[in-house]
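A quick write-up on the structure given underneath.
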Amino acid sequence: MVWRAGAALALALWAPGAGAQEPPTGPGPPKAPEPNPAPGVLLRSCADDSLGAQVQGKACEAALAIATLTPTERRAALVHRGMTELQGASPAGADSDFAQAVKLGAGEGDLLDARCRGLALSGRMLSAAQRACDAVVARRPGNAFALGARGMVELKLRRFQPAWTDYDAAARLEPATMEWRLGRGAAALKLGRTAEGQADIRAAEAGRPGITAEFAGYGVKVGAAP
């Protein structure tokens, strides 16, 4: 799932009540939001972790400064900003944003999503990330983003068979999403299944050039496939 944090993993945080969002699949580096963009552009950028945590967080800041946001839009922006704060080692800021989001109607599932995703990308507090991701998968067993986020946590915890299982399930749900193919390939290599792992890595790089480098940005170094 490459959610550019700051690959993949979107793992694109799930906007509250809006379902999973597709991570961008086109090649090329992420672009910052336009200067003085319209509210809709800011809100989309706030929800797009392919931009990186810093750019995404700034988009959320700008969106939250707009007085005319609806409660639903403000709630979503707070949850997304909280996720970027987890990536930036600011749990107190994240907790504050999540508390405000709850007052605007955010449910437990929204906050679990954000904690699972943010901590998976950051690589910090992996035990807490595992608990959050387990809870999300229990709530949404058929959600590829939840499975992919947990797969990244398991890779970082060196739990390679569970990581492979989660990425495989995500890839079967969304065969065109290269993040899941790359994660599955990375886990297969660690399990000694070299040919299988290299095949997935080649397919992921062909489908989304540069994805291996994006995973490295999340702290997951994937051996290059010949």
Quiz item: Could you go step by step and tell me if Arg140 and Asp113 meet the salt bridge (charged side-chain N to carboxylate O under 4.0 Å, His left out) rule?
Solution: CA-CA 10 Å; Arg140 303 176 178 179; Asp113 283 346; 2.7 Å; yes

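Here the closest heavy-atom approach between residue Ala62 and residue Leu42 is recorded as CB-CD2, 3.7 Å. For Arg75 against Ala101, the heavy-atom pair with the smallest separation is CG-O, 3.7 Å. Residues Asp168 and Arg184 approach most closely at OD1-NH1, 2.8 Å, considering heavy atoms. Residue Ala129 comes nearest to Leu119 through the heavy atom pair CB-CB, 3.5 Å, listed as atom of the first residue, atom of the second, then distance. Ala114 and Val79 get closest at one heavy-atom pair: CB-CG1, 3.8 Å.
By the 4.0 Å N-to-carboxylate-O rule, Asp48 lies too far from Arg44 to be salt-bridged with it. Classification of Glu214 and Arg208 as a salt-bridged pair holds, one side-chain N sitting under 4.0 Å from a carboxylate O. Taking a cutoff of 4.0 Å between a charged side-chain nitrogen and a carboxylate oxygen, Asp166 and Arg159 do not qualify as a salt bridge.
Between Tyr167 and Phe215, the ring planes are tilted. Angles from 30° to 60° get that label.
A distance of 6.0 Å separates OG1 of Thr84 from CD of Gln56, quoted to the nearest 0.5 Å.
Partners of Asp97 by salt bridge (Lys or Arg N to Asp or Glu O under 4.0 Å), not counting sequence neighbours, listed by chain and number: Arg81.
More than 12 non-hydrogen atoms from other residues, nucleotides or ligands lie less than 6.0 angstrom from NZ of Lys156.
For the pair Arg193 and Trp164, the cation-pi test (distance below 6.0 Å, angle within 45°) is passed.
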